[in-house]
There are 2 protein chains.
Amino acid sequence: MEEGTSKSPSHCADTDTGTGTGAGPDYDISQWDVREGCEVRQILDRVADKWSLLAIAHLERRTLRFSELRRLIEGISQRMLTVTLRQLERDGLVRRTVYPVVPPRVEYELTELGATLHTTIRSLVDWTESHQQEIAKARSDYDARQSQEVSAS
Amino acid sequence: MEEGTSKSPSHCADTDTGTGTGAGPDYDISQWDVREGCEVRQILDRVADKWSLLAIAHLERRTLRFSELRRLIEGISQRMLTVTLRQLERDGLVRRTVYPVVPPRVEYELTELGATLHTTIRSLVDWTESHQQEIAKARSDYDARQSQEVSAS
DNA sequence: CAGAATCCGCATGGATACTG
DNA sequence: CAGTATCCATGCGGATTCTG
(Lines give C-alpha, C1' and ligand atoms only; values in the text may rest on other atoms or scores of the structure.)
Protein backbone atom coordinates (compact mmCIF):
# COMPACT_ATOMS: atom_id res chain seq x y z
CA MET A 1 0.00 0.00 0.00
CA GLU A 2 1.22 3.44 -0.71
CA GLU A 3 -0.51 5.45 1.93
CA GLY A 4 1.59 6.16 4.97
CA THR A 5 -1.38 6.36 7.25
CA SER A 6 -0.11 4.86 10.41
CA LYS A 7 -2.63 2.55 11.94
CA SER A 8 -1.89 3.89 15.37
CA PRO A 9 -5.28 4.27 17.02
CA SER A 10 -4.01 7.32 18.85
CA HIS A 11 -7.00 9.54 18.77
CA CYS A 12 -5.07 11.89 20.99
CA ALA A 13 -6.44 14.04 23.76
CA ASP A 14 -9.33 15.87 22.25
CA THR A 15 -9.85 19.39 23.45
CA ASP A 16 -13.46 19.54 22.51
CA THR A 17 -15.20 16.20 22.61
CA GLY A 18 -18.81 17.32 22.38
CA THR A 19 -20.83 18.27 19.38
CA GLY A 20 -18.13 20.68 18.46
CA THR A 21 -20.35 23.69 18.41
CA GLY A 22 -19.26 24.77 21.82
CA ALA A 23 -15.92 26.16 20.74
CA GLY A 24 -15.58 29.83 21.46
CA PRO A 25 -15.08 32.51 18.85
CA ASP A 26 -11.36 32.24 19.15
CA TYR A 27 -10.53 28.59 19.65
CA ASP A 28 -6.87 28.00 19.18
CA ILE A 29 -5.98 27.68 15.55
CA SER A 30 -2.51 26.55 16.42
CA GLN A 31 -4.19 23.36 17.53
CA TRP A 32 -4.24 22.32 13.92
CA ASP A 33 -0.57 21.92 13.65
CA VAL A 34 0.08 21.05 17.26
CA ARG A 35 -2.24 18.14 16.75
CA GLU A 36 -0.52 17.38 13.54
CA GLY A 37 0.13 13.79 14.44
CA CYS A 38 -3.51 13.70 15.28
CA GLU A 39 -6.53 13.40 13.07
CA VAL A 40 -7.56 16.95 12.31
CA ARG A 41 -5.08 18.08 9.74
CA GLN A 42 -5.14 14.68 8.19
CA ILE A 43 -8.90 14.57 7.91
CA LEU A 44 -8.91 18.07 6.53
CA ASP A 45 -6.51 17.04 3.84
CA ARG A 46 -8.63 14.11 2.86
CA VAL A 47 -11.86 16.01 2.82
CA ALA A 48 -10.41 18.99 1.02
CA ASP A 49 -8.76 16.71 -1.46
CA LYS A 50 -9.30 17.32 -5.13
CA TRP A 51 -10.96 14.04 -6.01
CA SER A 52 -12.74 13.54 -2.70
CA LEU A 53 -14.47 16.84 -3.12
CA LEU A 54 -15.70 15.88 -6.56
CA ALA A 55 -16.71 12.38 -5.59
CA ILE A 56 -18.69 13.58 -2.60
CA ALA A 57 -20.32 16.31 -4.61
CA HIS A 58 -21.56 13.80 -7.14
CA LEU A 59 -22.67 11.26 -4.59
CA GLU A 60 -24.52 14.04 -2.88
CA ARG A 61 -27.13 13.78 -5.55
CA ARG A 62 -27.60 10.06 -5.80
CA THR A 63 -26.12 6.62 -5.47
CA LEU A 64 -23.65 5.85 -8.20
CA ARG A 65 -21.79 2.90 -9.62
CA PHE A 66 -18.05 2.81 -10.02
CA SER A 67 -18.14 3.33 -13.74
CA GLU A 68 -20.68 6.10 -13.44
CA LEU A 69 -18.43 8.00 -11.10
CA ARG A 70 -15.54 7.35 -13.40
CA ARG A 71 -17.38 8.92 -16.26
CA LEU A 72 -18.74 11.82 -14.24
CA ILE A 73 -15.45 12.89 -12.78
CA GLU A 74 -13.80 12.25 -16.09
CA GLY A 75 -10.36 13.63 -15.37
CA ILE A 76 -9.79 10.91 -12.81
CA SER A 77 -7.81 7.76 -13.45
CA GLN A 78 -9.35 4.49 -12.42
CA ARG A 79 -6.62 4.06 -9.92
CA MET A 80 -7.29 7.34 -8.15
CA LEU A 81 -11.01 6.71 -8.13
CA THR A 82 -10.43 3.42 -6.38
CA VAL A 83 -8.04 4.93 -3.87
CA THR A 84 -10.28 7.91 -3.21
CA LEU A 85 -13.37 5.80 -2.70
CA ARG A 86 -11.51 3.44 -0.40
CA GLN A 87 -10.38 6.32 1.76
CA LEU A 88 -13.82 7.83 1.90
CA GLU A 89 -15.23 4.44 2.77
CA ARG A 90 -12.68 3.97 5.50
CA ASP A 91 -13.50 7.36 6.92
CA GLY A 92 -17.15 6.41 7.05
CA LEU A 93 -18.20 9.04 4.55
CA VAL A 94 -19.18 6.66 1.80
CA ARG A 95 -20.91 3.29 1.88
CA ARG A 96 -19.88 0.64 -0.60
CA THR A 97 -22.33 -2.05 -1.56
CA VAL A 98 -21.31 -5.05 -3.61
CA TYR A 99 -23.92 -7.03 -5.52
CA PRO A 100 -22.63 -10.54 -6.12
CA VAL A 101 -23.89 -10.77 -9.66
CA VAL A 102 -22.04 -11.94 -12.68
CA PRO A 103 -21.04 -8.67 -14.13
CA PRO A 104 -19.98 -7.24 -10.81
CA ARG A 105 -22.07 -4.35 -9.61
CA VAL A 106 -20.82 -2.02 -6.92
CA GLU A 107 -22.69 0.99 -5.71
CA TYR A 108 -21.51 3.94 -3.71
CA GLU A 109 -23.58 6.28 -1.61
CA LEU A 110 -22.95 8.89 1.02
CA THR A 111 -23.42 7.83 4.60
CA GLU A 112 -25.24 10.09 7.03
CA LEU A 113 -21.87 11.38 8.13
CA GLY A 114 -20.88 12.06 4.58
CA ALA A 115 -24.13 13.87 3.97
CA THR A 116 -23.35 16.34 6.73
CA LEU A 117 -20.47 17.59 4.65
CA HIS A 118 -22.95 18.83 2.14
CA THR A 119 -23.34 22.44 3.22
CA THR A 120 -19.67 22.88 3.92
CA ILE A 121 -18.46 21.68 0.58
CA ARG A 122 -21.19 23.51 -1.17
CA SER A 123 -20.15 26.67 0.59
CA LEU A 124 -16.56 26.25 -0.47
CA VAL A 125 -17.45 25.66 -4.07
CA ASP A 126 -19.94 28.50 -4.12
CA TRP A 127 -17.29 30.86 -2.82
CA THR A 128 -14.89 29.74 -5.48
CA GLU A 129 -17.39 30.10 -8.26
CA SER A 130 -18.64 33.48 -7.22
CA HIS A 131 -15.19 34.97 -6.78
CA GLN A 132 -13.36 33.54 -9.72
CA GLN A 133 -13.42 36.78 -11.69
CA GLU A 134 -12.04 38.74 -8.79
CA ILE A 135 -9.26 36.25 -8.44
CA ALA A 136 -8.59 36.22 -12.14
CA LYS A 137 -8.30 39.99 -12.08
CA ALA A 138 -6.07 39.97 -9.03
CA ARG A 139 -3.80 37.56 -10.83
CA SER A 140 -3.42 39.54 -13.99
CA ASP A 141 -2.84 42.66 -11.93
CA TYR A 142 -0.17 40.88 -9.96
CA ASP A 143 1.45 39.47 -13.05
CA ALA A 144 1.41 42.85 -14.70
CA ARG A 145 3.08 44.45 -11.72
CA GLN A 146 5.67 41.73 -11.72
CA SER A 147 6.79 41.99 -15.30
CA GLN A 148 6.89 45.74 -14.85
CA GLU A 149 9.19 45.54 -11.86
CA VAL A 150 11.37 43.14 -13.71
CA SER A 151 11.83 45.44 -16.66
CA ALA A 152 12.54 48.28 -14.25
CA SER A 153 15.46 46.47 -12.72
CA MET B 1 9.50 28.87 -10.96
CA GLU B 2 8.05 25.48 -10.29
CA GLU B 3 4.35 26.12 -10.65
CA GLY B 4 2.93 25.20 -13.97
CA THR B 5 0.22 27.81 -13.82
CA SER B 6 -0.15 28.93 -17.38
CA LYS B 7 -0.40 32.65 -17.65
CA SER B 8 -3.15 32.36 -20.21
CA PRO B 9 -5.76 34.92 -19.20
CA SER B 10 -8.45 32.59 -20.42
CA HIS B 11 -11.15 33.18 -17.92
CA CYS B 12 -13.33 30.93 -20.04
CA ALA B 13 -16.99 31.30 -20.65
CA ASP B 14 -18.58 31.57 -17.28
CA THR B 15 -21.93 29.96 -16.87
CA ASP B 16 -22.99 32.06 -13.97
CA THR B 17 -21.38 35.46 -13.90
CA GLY B 18 -23.44 37.08 -11.21
CA THR B 19 -23.13 36.93 -7.47
CA GLY B 20 -23.09 33.19 -7.68
CA THR B 21 -26.02 32.74 -5.41
CA GLY B 22 -28.39 32.41 -8.27
CA ALA B 23 -27.44 28.85 -9.10
CA GLY B 24 -30.30 26.46 -8.65
CA PRO B 25 -30.34 23.58 -6.20
CA ASP B 26 -28.82 21.33 -8.79
CA TYR B 27 -26.30 23.39 -10.68
CA ASP B 28 -24.09 21.17 -12.75
CA ILE B 29 -21.32 19.67 -10.71
CA SER B 30 -19.68 18.25 -13.80
CA GLN B 31 -18.82 21.85 -14.53
CA TRP B 32 -15.95 21.52 -12.14
CA ASP B 33 -14.00 19.13 -14.26
CA VAL B 34 -15.34 20.27 -17.59
CA ARG B 35 -13.93 23.66 -16.78
CA GLU B 36 -10.79 22.00 -15.66
CA GLY B 37 -8.59 24.19 -17.78
CA CYS B 38 -10.45 27.01 -16.22
CA GLU B 39 -10.10 28.62 -12.85
CA VAL B 40 -12.50 26.80 -10.59
CA ARG B 41 -10.74 23.56 -9.83
CA GLN B 42 -7.48 25.38 -9.67
CA ILE B 43 -8.72 27.99 -7.23
CA LEU B 44 -10.33 25.31 -5.17
CA ASP B 45 -7.05 23.49 -4.91
CA ARG B 46 -5.27 26.60 -3.80
CA VAL B 47 -7.83 27.60 -1.25
CA ALA B 48 -8.26 24.10 0.09
CA ASP B 49 -4.54 23.68 0.29
CA LYS B 50 -2.98 22.57 3.53
CA TRP B 51 -0.82 25.61 4.19
CA SER B 52 -3.14 28.15 2.63
CA LEU B 53 -5.86 27.08 4.97
CA LEU B 54 -3.64 27.54 7.98
CA ALA B 55 -2.17 30.82 6.83
CA ILE B 56 -5.58 32.30 6.13
CA ALA B 57 -6.93 31.07 9.42
CA HIS B 58 -4.15 32.80 11.29
CA LEU B 59 -4.33 36.00 9.30
CA GLU B 60 -8.01 35.99 9.97
CA ARG B 61 -7.26 37.20 13.45
CA ARG B 62 -4.70 39.88 12.80
CA THR B 63 -1.89 41.15 10.62
CA LEU B 64 1.24 39.09 10.93
CA ARG B 65 4.86 39.29 9.99
CA PHE B 66 6.64 36.61 8.04
CA SER B 67 8.46 35.22 11.02
CA GLU B 68 5.36 35.30 13.15
CA LEU B 69 3.51 33.20 10.64
CA ARG B 70 6.47 30.91 10.41
CA ARG B 71 6.35 30.31 14.13
CA LEU B 72 2.59 30.00 14.31
CA ILE B 73 2.25 27.47 11.57
CA GLU B 74 5.29 25.72 12.82
CA GLY B 75 5.27 22.64 10.66
CA ILE B 76 5.90 24.77 7.59
CA SER B 77 9.26 25.29 5.94
CA GLN B 78 10.34 28.79 5.09
CA ARG B 79 10.17 27.89 1.47
CA MET B 80 6.58 26.74 1.57
CA LEU B 81 5.53 29.74 3.59
CA THR B 82 7.02 32.02 0.95
CA VAL B 83 5.42 30.11 -1.87
CA THR B 84 2.06 29.93 -0.16
CA LEU B 85 2.01 33.62 0.67
CA ARG B 86 3.01 34.54 -2.84
CA GLN B 87 0.17 32.52 -4.27
CA LEU B 88 -2.32 34.00 -1.86
CA GLU B 89 -1.04 37.45 -2.70
CA ARG B 90 -1.32 36.79 -6.40
CA ASP B 91 -4.85 35.57 -5.94
CA GLY B 92 -5.72 38.78 -4.12
CA LEU B 93 -6.49 37.05 -0.85
CA VAL B 94 -3.56 38.46 1.07
CA ARG B 95 -1.94 41.88 1.02
CA ARG B 96 1.80 42.13 1.47
CA THR B 97 3.32 45.31 2.85
CA VAL B 98 7.05 45.91 2.86
CA TYR B 99 8.53 48.45 5.24
CA PRO B 100 11.85 49.65 3.86
CA VAL B 101 13.68 49.59 7.15
CA VAL B 102 17.04 48.14 7.93
CA PRO B 103 15.99 44.87 9.42
CA PRO B 104 13.38 44.22 6.74
CA ARG B 105 9.83 44.16 7.97
CA VAL B 106 7.08 42.59 5.92
CA GLU B 107 3.52 42.32 7.08
CA TYR B 108 0.72 40.18 5.76
CA GLU B 109 -2.96 40.75 6.15
CA LEU B 110 -6.12 39.41 4.58
CA THR B 111 -7.71 41.50 1.88
CA GLU B 112 -11.45 42.05 1.85
CA LEU B 113 -11.71 39.19 -0.60
CA GLY B 114 -9.65 36.98 1.65
CA ALA B 115 -11.82 37.90 4.59
CA THR B 116 -14.89 36.57 2.83
CA LEU B 117 -13.40 33.13 3.03
CA HIS B 118 -13.74 33.28 6.75
CA THR B 119 -17.05 31.53 7.28
CA THR B 120 -16.35 28.91 4.68
CA ILE B 121 -13.02 27.86 6.07
CA ARG B 122 -14.32 28.02 9.57
CA SER B 123 -17.17 25.77 8.58
CA LEU B 124 -14.82 23.23 7.09
CA VAL B 125 -12.61 23.15 10.13
CA ASP B 126 -15.53 23.01 12.50
CA TRP B 127 -16.91 20.03 10.66
CA THR B 128 -13.60 18.27 10.85
CA GLU B 129 -13.17 18.95 14.52
CA SER B 130 -16.63 17.93 15.51
CA HIS B 131 -16.59 14.71 13.55
CA GLN B 132 -13.12 13.46 14.21
CA GLN B 133 -14.20 10.83 16.66
CA GLU B 134 -16.79 9.45 14.30
CA ILE B 135 -14.17 9.24 11.62
CA ALA B 136 -11.66 7.67 13.95
CA LYS B 137 -14.23 5.05 14.86
CA ALA B 138 -15.18 4.42 11.26
CA ARG B 139 -11.53 3.86 10.51
CA SER B 140 -10.86 1.37 13.23
CA ASP B 141 -14.06 -0.44 12.30
CA TYR B 142 -12.96 -0.56 8.71
CA ASP B 143 -9.48 -1.73 9.59
CA ALA B 144 -10.90 -4.38 11.87
CA ARG B 145 -13.15 -5.70 9.15
CA GLN B 146 -10.25 -5.73 6.75
CA SER B 147 -7.86 -7.77 8.80
CA GLN B 148 -10.71 -10.13 9.55
CA GLU B 149 -11.52 -10.73 5.91
CA VAL B 150 -7.88 -11.26 5.21
CA SER B 151 -7.58 -13.96 7.80
CA ALA B 152 -10.78 -15.53 6.49
CA SER B 153 -9.34 -15.95 3.06
C1' DC C 1 14.63 39.57 9.05
C1' DA C 2 12.70 38.13 4.80
C1' DG C 3 13.51 36.11 1.17
C1' DA C 4 15.74 33.76 -3.44
C1' DA C 5 18.01 29.89 -5.38
C1' DT C 6 19.58 25.15 -5.59
C1' DC C 7 19.60 20.36 -4.74
C1' DC C 8 17.08 16.33 -4.05
C1' DG C 9 14.02 12.58 -1.79
C1' DC C 10 9.83 10.72 -1.91
C1' DA C 11 5.02 10.48 -2.21
C1' DT C 12 1.23 11.48 -5.66
C1' DG C 13 -0.80 9.99 -9.28
C1' DG C 14 -0.97 8.42 -14.45
C1' DA C 15 -0.57 4.38 -17.78
C1' DT C 16 -0.68 -0.27 -18.48
C1' DA C 17 -1.53 -5.14 -17.82
C1' DC C 18 -3.78 -8.73 -15.40
C1' DT C 19 -7.89 -10.97 -12.54
C1' DG C 20 -12.52 -12.66 -10.47
C1' DC D 1 -17.59 -4.47 -14.60
C1' DA D 2 -14.76 -3.46 -10.84
C1' DG D 3 -11.15 -3.77 -9.40
C1' DT D 4 -5.63 -5.16 -8.07
C1' DA D 5 -0.74 -4.90 -9.07
C1' DT D 6 3.37 -2.81 -11.22
C1' DC D 7 6.13 0.40 -13.21
C1' DC D 8 7.40 4.98 -13.73
C1' DA D 9 7.30 10.33 -14.44
C1' DT D 10 6.55 14.63 -12.23
C1' DG D 11 6.29 17.85 -8.92
C1' DC D 12 5.58 18.84 -4.04
C1' DG D 13 7.95 20.15 -0.48
C1' DG D 14 12.07 19.73 3.01
C1' DA D 15 16.99 21.05 3.97
C1' DT D 16 20.57 23.96 2.98
C1' DT D 17 23.09 27.96 1.37
C1' DC D 18 23.44 32.60 -0.07
C1' DT D 19 21.78 37.78 -0.33
C1' DG D 20 19.89 42.83 0.62
Side-chain angles (χ1 to χ4, degrees), chain A residues 1-6 33 36 41-42 45-46 48-55 59 63-90 94-109 146 149-150 152-153, chain B residues 1-6 33 36 41-42 45-46 48-55 59 63-90 94-109 146 149-150 152-153:
Chain A
M1 214 59 49
E2 62 180 355
E3 38 186 327
T5 321
S6 63
D33 29 301
E36 191 167 356
R41 270 256 73 276
Q42 183 188 347
D45 269 350
R46 173 130 325 153
D49 171 69
K50 176 179 179 175
W51 302 125
S52 296
L53 227 46
L54 289 168
L59 289 174
T63 296
L64 289 167
R65 302 185 52 172
F66 185 86
S67 48
E68 289 177 315
L69 272 169
R70 189 153 163 46
R71 241 169 296 121
L72 284 170
I73 302 189
E74 188 154 2
I76 201 171
S77 67
Q78 152 264 32
R79 179 183 134 82
M80 285 318 294
L81 182 55
T82 303
V83 171
T84 301
L85 288 172
R86 281 293 180 286
Q87 289 175 336
L88 292 177
E89 188 195 1
R90 187 168 110 97
V94 160
R95 179 161 24 249
R96 175 167 174 269
T97 314
V98 184
Y99 298 91
V101 290
V102 182
R105 179 187 190 85
V106 182
E107 292 194 339
Y108 295 91
E109 60 183 329
Q146 286 306 303
E149 287 172 28
V150 169
S153 68
Chain B
M1 210 63 44
E2 62 181 355
E3 37 184 329
T5 320
S6 63
D33 29 301
E36 191 168 357
R41 270 258 74 271
Q42 181 187 350
D45 270 348
R46 173 128 324 151
D49 170 70
K50 176 180 180 174
W51 302 124
S52 296
L53 228 46
L54 289 167
L59 289 174
T63 296
L64 290 168
R65 302 185 49 174
F66 186 86
S67 50
E68 290 178 315
L69 272 169
R70 188 156 164 42
R71 239 170 296 122
L72 284 170
I73 302 189
E74 190 156 0
I76 201 170
S77 68
Q78 156 262 30
R79 180 183 134 82
M80 285 319 291
L81 182 54
T82 302
V83 171
T84 301
L85 288 172
R86 282 294 179 287
Q87 290 176 336
L88 292 177
E89 188 196 358
R90 187 167 109 97
V94 161
R95 179 160 26 248
R96 177 169 173 267
T97 316
V98 184
Y99 297 91
V101 290
V102 181
R105 180 186 189 86
V106 181
E107 293 194 341
Y108 294 91
E109 61 182 329
Q146 285 307 302
E149 287 173 27
V150 168
S153 67

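These numbers come from the heavy atoms of this one structure, side chains and all, not from hydrogens, waters or symmetry mates. The sequence lines fix the lettering, A, B, ..., with proteins before strands; numbering per chain opens at 1.
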Could you list, one pair per line, each protein nitrogen or oxygen that sits under 3.5 Å from a nitrogen or oxygen of nucleotides 14-20 of chain D, together with the distance?
residue	atom	partner	partner atom	Å
D/dG14	OP2	B/S77	OG	2.8
D/dG14	O6	B/R79	NE	3.2

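Atoms CD1 (B/I73) and P (D/dG13) sit 13 Å apart, rounded to a whole Å. Separating the CZ atom of A/R96 from the C1' atom of D/dA2 is a distance of 8 Å, rounded to the nearest angstrom. The OH-C1' distance, from B/Y108 to C/dC1, rounds to 11 Å in whole Å. Atom CG in A/L81 sits about 14 Å away from atom C1' in C/dG14, given to the nearest Å. Straight-line distance from the CD atom of A/Q87 to the C1' atom of D/dG3: 16 Å, rounded to whole Å. Rounded to whole Å, atom P of C/dG20 lies 18 Å from atom CZ of A/F66. Separating the CD atom of B/Q146 from the P atom of D/dG3 is a distance of 12 Å, rounded to the nearest angstrom. The nearest whole Å value for the distance from the CG atom in A/D49 to the P atom in D/dC12 is 14 Å.
With sequence neighbours left out, A/R70 forms a side chain to side chain donor-acceptor pair (under 3.5 Å) with no residue at all. For the side chain to side chain donor-acceptor pair (under 3.5 Å) test, no residue two or more places apart in sequence or in another chain qualifies with B/R86. Not a single side-chain contact (heavy atoms from CB on, under 4.5 Å) links B/V102 to another residue, sequence neighbours left out. Taking the salt bridge (charged side-chain N to carboxylate O under 4.0 Å, His left out) definition, one finds that A/R65 meets it with nothing, sequence neighbours left out.
Taken over five-pair windows at either terminus, the axes of the helix from C/dC1-D/dG20 to C/dG20-D/dC1 are inclined to one another by 40° (rounded to 10 degrees).
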### Query
Going through the distances and angles, do B/L69 and B/I76 end up as a side chain to side chain contact (heavy atoms under 4.5 Å, CB included)?
CA-CA 9 Å; B/L69 272 169; B/I76 201 170; over 6 Å; no
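At the phosphate of D/dA2, OP1 or OP2 sits under 4.0 Å from a side-chain N or O atom of A/S67. Residue A/R65 places at least one side-chain N or O closer than 4.0 Å to OP1 or OP2 of D/dA2. Between B/R86 and C/dG3 there is a side-chain N or O to OP1 or OP2 distance below 4.0 Å.
Interatomic distance, A/L54 CG to A/E74 CD, rounded to the nearest 0.5 Å: 11.0 Å. Separating the CG atom in A/L59 from the CD atom in A/E107 is a distance of 11.0 Å, to the nearest 0.5 Å. Residue A/I73 holds its CD1 atom at 10.5 Å from CE of A/M80, rounded to the nearest 0.5 Å.
Under the side-chain contact (heavy atoms from CB on, under 4.5 Å) rule, A/Y108 has a single partner from A/L64, A/L85, A/L88, A/L81, which is A/L85.
Residue contacts for B/R70: at a heavy-atom cut-off of 4.0 Å it reaches no nucleic acid atom on any strand shown. Residue A/Y99 is out of contact with every strand shown, counting any heavy-atom pair closer than 4.0 Å.
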